Amino acid sequence: MRHVLSVLVENEPGVLSRVAGLFSGRGFNIESLNVAPTLEEGVSLMTISTSGEEQIIEQIVKQLRKLVTVIKVVDFIDVSAVEREMVMVKVQADDARRAEVLRIADIFRCKVVDVSLNDLTLEATGDHGKIQAILSLLARFGIKEIARTGTVAMRRSMQPENA
Amino acid sequence: MELNGARILLECLKREGVDVLFGYPGGAVIDIYDELPRHDIRHILVRHEQAAVHAADGFARASGKVGVCLVTSGPGATNTVTGIATAYADSIPLVVLTGQVPTPLIGNDAFQEVDIVGITRPCTKHNYLVKDVRDLARVLRQAFYLARSGRPGPVLVDLPKDVMQARTEFIWPEDVKMRSYNPTYRPNLNQLRRAVEALIEARRPLFFAGGGVVMSDASEELGWLARTLSIPVTSTLMGLGAFPGDDPLWLGMIGMHGTYAGNKAVNNADCIVAVGARFDDRVTGRLSAFASGARIIHIDIDPTSIRKNVQVDIPVVGDCRKALAGIREIATTRLAEKDWATAHEPWLTQVSTWRTEQPLTYVQNGTIKPQQVVETIFSITRGDAIVTTEVGQNQMWTAQFFTFRKPRTLLTSGGLGTMGYGFPAAIGAQFAFPDKLVIDMAGDGSIQMNIQELATAVCNKLPIKIVILNNGYLGMVRQWQELFYQRNYCSTCMEAQPDFVKLAEAYGAEGYRITEAGELESTLRAAFASPHTAVIDVRVEREENVYPMVPAGAALDEMLLV
Ligand SMILES: Cc1ncc(C[n+]2csc(CCOP(=O)(O)OP(=O)(O)O)c2C)c(N)n1
Ligand SMILES: [Mg+2]
C-alpha cells in the first residue's frame with residue numbers, strides 16, 4: 001500500500017542523510033522524496049512517498065519520529081489530504097500523431113511547454129494516480145524523456161467526522 | 001570571561017559530573033590535552049581507541065552514569081566505531097568526543113580527516129559536528145541529555161581543532177530544550193489497567209526481563225510483582241541480574257542458549273510481560289513459533305521496539321520502572337480478585353518440573369570443564385563481583401553458570417557480540433568501583449583483540465582478573481562447524497597461541513596457568529587475593545559445547561541438550 005508521509009524536520013546539515021540513511025539502512029523503500037523550507041525559519045518539510053505492509057509503515061513512522069532532528073510525522077493515509085505531483089514529459093509527436101497527443105493533453109489539462117518538429121513537451125500536475133494515467137496513455141506514442149517531482153501533500157481544512 | 005573551546009569543553013564535562021575520561025591523544029585534540037591537567041578530571045590513557053570506548057561503556061554499565069571518551073581525528077575516530085556500535089546495540093549512555101581537522105580544511109581530504117559524523121550516523125543515537133565555538137556548550141549539554149534520557153545510547157561530538165582554540169563567553173545552559181525530542185516516560189494508565197486485567201485472567205503468566213529493567217533500575221518493582229503475584233521470571237542475556245538468579249521463581253535466561261525451563265515456559269505461557277526487551281532473533285528462535293499461545297504485554301521506552309518483530313496485544317510505551325510501579329499500584333487494589341498462588345500453582349509446578357528434568361548441566365570427566373571454572377569462580381566470590389565477558393562460548397557459559405543476583409553485575413556485549421569488549425569494559429567498571437572485584441571471563445581468541453590494555457590496567461594498578469577459558473579454538477564458531485558444517489574446522493583452531501603467562505608478566509601483570517582440575521580452586525583463590533592485575537590461563541576441555549542450543553531458525557523448544 002502506498003503511503004505519503006509528511007515529515008517536519010529541523011533544517012540542519014545532515015538531516016536529509018539521516019532520513020535517507022534510515023530508509024536505506026533498514027531496507028525501507030522511498031518512492032519519492034521532496035524537501036523544501038517552510039514558513040518557519042529553520043524548519044523544513046519533507047514529503048516522502050513509500051509503500052509497504054502496515055507493520056513496515058508503522059515501523060517507518062516510528063523510526064522517523066525517533067530521529068532526534070524530526071519534529072513531526074503525519075501519515076496522510078490517516079487524514080483527508082490534497083496530493084499533487086508534477087511531471088514534464090517529452091512525447092514523440094510527428095504531424096500524423098500531433099493532434100491525438102494534444103487531445104490527450106487537453107483532456108488531462110496539461111500545458112504544452114515546448115514544441116519541436118518531432119516532439120511535444122507537456123507539463124502535467126495531479127495526484128499520483130492521474131500522473132500514472134497520463135503517462136500510460138502517452139506511452140504508445142513514444143515517451144522520450146520525463147522529469148517528475150515527488151509528491152507534495154496538504155491536509156484538507158475540512159476533515160470528515162471520524163478522521 | 002572569554003574561554004577557549006578546550007576550556008569550555010572541560011568546564012562542561014565537570015558540570016555534567018564527569019570525573020573520569022578514557023582517551024588517546026593526537027594532533028587534532030592536543031589543545032584539549034593541553035588544558036586537561038588544569039582540571040579535576042582524571043584522564044585514563046588507553047592503548048587503543050576501541051578500548052577507550054569499551055572502557056567508557058563498562059564504566060557506564062556498572063555505574064549507571066554517562067561514560068565519556070576522547071580521541072583524535074581520522075584513525076583515532078575510526079578506531080572508536082566498533083565501540084560505539086557495541087554501545088548502541090545495548091543502549092548504553094556514552095558521549096564520544098572526537099577531534100576533527102580545522103573547519104576550513106573540512107571536506108578537503110586533509111591529513112587525518114574522516115567524516116566521522118557520516119560514518120557513525122547509523123550507530124549513534126545522535127551526533128554533532130560543532131562548527132562554531134558559540135554552539136559548543138549547548139551541543140555538549142544536549143549530547144549528555146540525549147545520551148542518558150529516553151532509550152539511552154551513544155552520542156558523538158566532533159570537535160574541529162580551530163573550534164577548540166577559538167574563544168567565546170562561556171555560558172552554561174541551565175536546561176535543555178529540544179522541540180523534536182520528547183521521550184515518553186509516563187505510561188498510559190489505560191494500558192496499565194489492561195495489563196493488570198490480562199494478568200488476572202492469566203493461568204500461565206511469565207515475566208520476561210530485558211536490559212531495560214537493569215537500565216531503568218526496575219528490579220525492585222519486578223521482584224515485588226513476581227513474588228506477590230506468583231509469576232515466574234525469565235530474561236534475556238542483557239536482563240541477567242535484573243532478578244535474583246537464586247530465587248525459586250527464576251527460570252534462567254531464554255534464547256539460543258537459554259535454559260530448557262525458560263524456553264519451554266515462553267512457548268507454553270498464556271501471558272507474557274516483556275519488560276525492556278526487544279525480541280532479538282537470538283532470543284525468539286523461529287518467530288512463528290515464539291510464544292504462540294500467549295497474550296503479550298510489551299513495556300518499552302522506545303516505541304520502535306514494540307511490534308518490530310513480535311505482535312503485541314498490550315503495548316506500553318514508557319519507562320520500565322514507572323510502568324511496573326504503575327502495574328503494582330493497580331494490582332495492589334485488585335489483589336483480592338484472584339488467589340494468585342493457587343491459580344498459578346499448576347503452572348509453577350510445571351515450570352519447576354521442566355527445571356528439574358533438564359537443568360543446566362555438563363559432564364565431568366577429569367579434565368577442566370569451562371562450566372566448572374565459572375561455577376568455581378561463583379563459589380569463591382559468592383557472586384560478589386562485577387563480571388564482564390568476551391564473546392563466544394565463554395560468554396554463554398558465564399551467563400549460564402554464574403548466578404547473577406544483582407543488576408549491573410554482568411557487563412557483556414549482547415546486541416553486537418563484540419569480541420574484545422570484556423577486558424576494556426572491566427577497566428571501566430573498575431574505575432567506577434575501585435574496591436570491587438572485577439573479573440573478565442575471556443576466551444583465548446577474544447582476549448587477543450584488546451590484550452594491549454594490560455598496559456592500561458598495570459599502569460593504573462587495577463586488580464582486574466582475566467580468566468581465559470582457553471580451549472585453543474574460536475570455540476563458538478568451532479561449535480557451529482561441528483554441529484552444522486560437518487566438523488570442517490576451517491580457521492577456528494588458534495595455532496601459535498602466545499604464552500599468556502609470560503605475556504602477562506611482560507606487561508608487568510601476574511600470570512597463572514591451570515592445567516589440572518585439582519589446582520583450579522586454589523590457584524583461582526590465590527589470583528583473586530592478589531592486589532595486582534592477573535591473567536589466569538585455564539586450559540579447559542577443548543571441544544566442549546554450549547548446551548542447550550536452539551539451532552538458528554528452530555523454535556525455542558526445539559533444543560539440542562547435553
Ligand atoms: C570482533 C568479532 N569478530 C568475530 C566474531 C565472531 N565470533 C563469535 S564467537 C567467536 C569465537 C570466540 O573465540 P574465543 O574468544 O576463544 O571464545 P570461545 O568461544 O572459544 O569461548 C567468533 C570468532 C565476533 N563475535 N566478534
Ligand atoms: Mg576459545
Side-chain angles (χ1 to χ4, degrees), chain A residues 1 3 5-30 33 35-48 50 52-75 77-78, chain B residues 85 88 91 103 106-107 115-132 135 138-139 142-143 145-147 149-158 176-184 278-279 287 298 300-312 315 317:
Chain A
M1 176 95 176
H3 286 242
L5 308 177
S6 131
V7 185
L8 210 58
V9 299
E10 299 284 358
N11 185 10
E12 44 182 63
V15 62
L16 180 59
S17 73
R18 281 183 209 283
V19 171
L22 188 155
F23 277 78
S24 62
R26 295 187 178 268
F28 301 147
N29 122 64
I30 296 187
L33 169 67
V35 195
T38 61
L39 289 178
E40 188 175 348
E41 183 146 4
V43 176
S44 287
L45 182 68
M46 293 187 178
T47 311
I48 301 175
T50 181
E53 288 171 16
E54 284 318 295
Q55 197 209 348
I56 301 285
I57 301 290
E58 180 182 325
Q59 263 300 310
I60 293 176
V61 170
K62 286 174 168 178
Q63 293 285 357
L64 282 168
R65 288 193 177 127
K66 187 172 159 181
L67 290 179
V68 168
T69 36
V70 168
I71 302 166
K72 191 177 173 195
V73 182
V74 176
D75 182 349
I77 223 92
D78 304 327
Chain B
Y88 186 65
S91 310
T103 46
I106 290 179
D115 174 12
I116 196 64
V117 167
I119 290 173
T120 59
R121 207 167 272 139
C123 60
T124 48
K125 180 168 173 182
H126 196 56
N127 58 18
Y128 296 90
L129 167 64
V130 184
K131 284 194 177 152
D132 186 330
D135 297 333
R138 177 185 52 82
V139 166
Q142 288 184 358
Y145 171 62
L146 287 172
S149 62
R151 177 176 178 175
V155 178
L156 180 139
V157 184
D158 203 19
V176 198
K177 271 198 228 81
M178 299 175 75
R179 61 177 160 186
S180 56
Y181 176 78
N182 293 299
T184 308
R278 63 190 171 86
F279 298 107
L287 259 184
H298 188 181
D300 204 289
I301 191 143
D302 180 359
T304 69
S305 293
I306 293 175
R307 276 206 291 265
K308 183 165 61 180
N309 307 323
V310 167
Q311 281 309 315
V312 171
V317 176

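Every chain is numbered from 1 and lettered A, B, ... according to where its sequence line falls, protein lines coming before strand lines. The structure presented is a predicted model; accordingly, all values stated were derived computationally and were not measured. Side chains are part of it too, since the values below use all heavy atoms of this structure and drop only hydrogens, waters and symmetry mates.
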statement: Distance col, row B/R151:CZ vs A/K66:NZ, nearest 0.5 angstrom, shows 4.5 Å
- request: Pick one of side chain, backbone, both or neither for A/L8, based on which atoms fall under 4.5 Å of a heavy atom in chain B.
  value: neither
Distance, nearest 0.5 Å, that separates CZ of A/R18 from NE2 of B/H126: 4.5 Å
message: Taking side chain as everything from C-beta outward and backbone as N, CA, C, O, which of these in B/Q142 sits under 4.5 Å from a heavy atom of chain A? Side chain, backbone, both or neither.
response: neither
query: Which bit of B/I306 comes within less than 4.5 Å of chain A, counting heavy atoms only: side chain, backbone, both or neither?
result: both
query: Are the side chains of B/R179 and A/V43 in touch, meaning some heavy atoms are under 4.5 Å apart?
result: yes
query: Going by atom types alone, do A/R65 and B/N182 pair a side-chain donor with an acceptor below 3.5 Å?
result: no
- prompt: By a 4.5 Å heavy-atom criterion (distance strictly below it), what part of B/P122 contacts chain A: side chain, backbone, both, or neither?
  reply: neither
message: Would you compute the distance between atom CZ of B/R121 and atom CG of A/L67 and round it to the nearest 0.5 angstrom?
response: 10.5 Å
- request: Counting only heavy atoms closer than 4.5 Å, note whether A/Q63 contacts chain B via side chain, backbone, both or neither.
  value: both
message: What part of B/D302 gets within 4.5 angstrom of chain A, counting heavy atoms only: side chain, backbone, both, or neither?
response: side chain
message: Please determine whether the number of non-hydrogen atoms from other residues, nucleotides or ligands lying under 6.0 Å from atom NZ of A/K62 exceeds 12.
response: yes
- prompt: Does any heavy atom of chain B fall under 4.5 Å from the side chain of A/V68, the backbone, both, or neither of them?
  reply: both
field: A/E10 side, atom CD; B/Y181 side, atom OH - distance, nearest 0.5 Å
entry: 14.5 Å
task: Compare every heavy atom of B/N309 with every heavy atom of A/Q55, then report the nearest pair and how far apart it is.
output: NE2-N, 4.4 Å
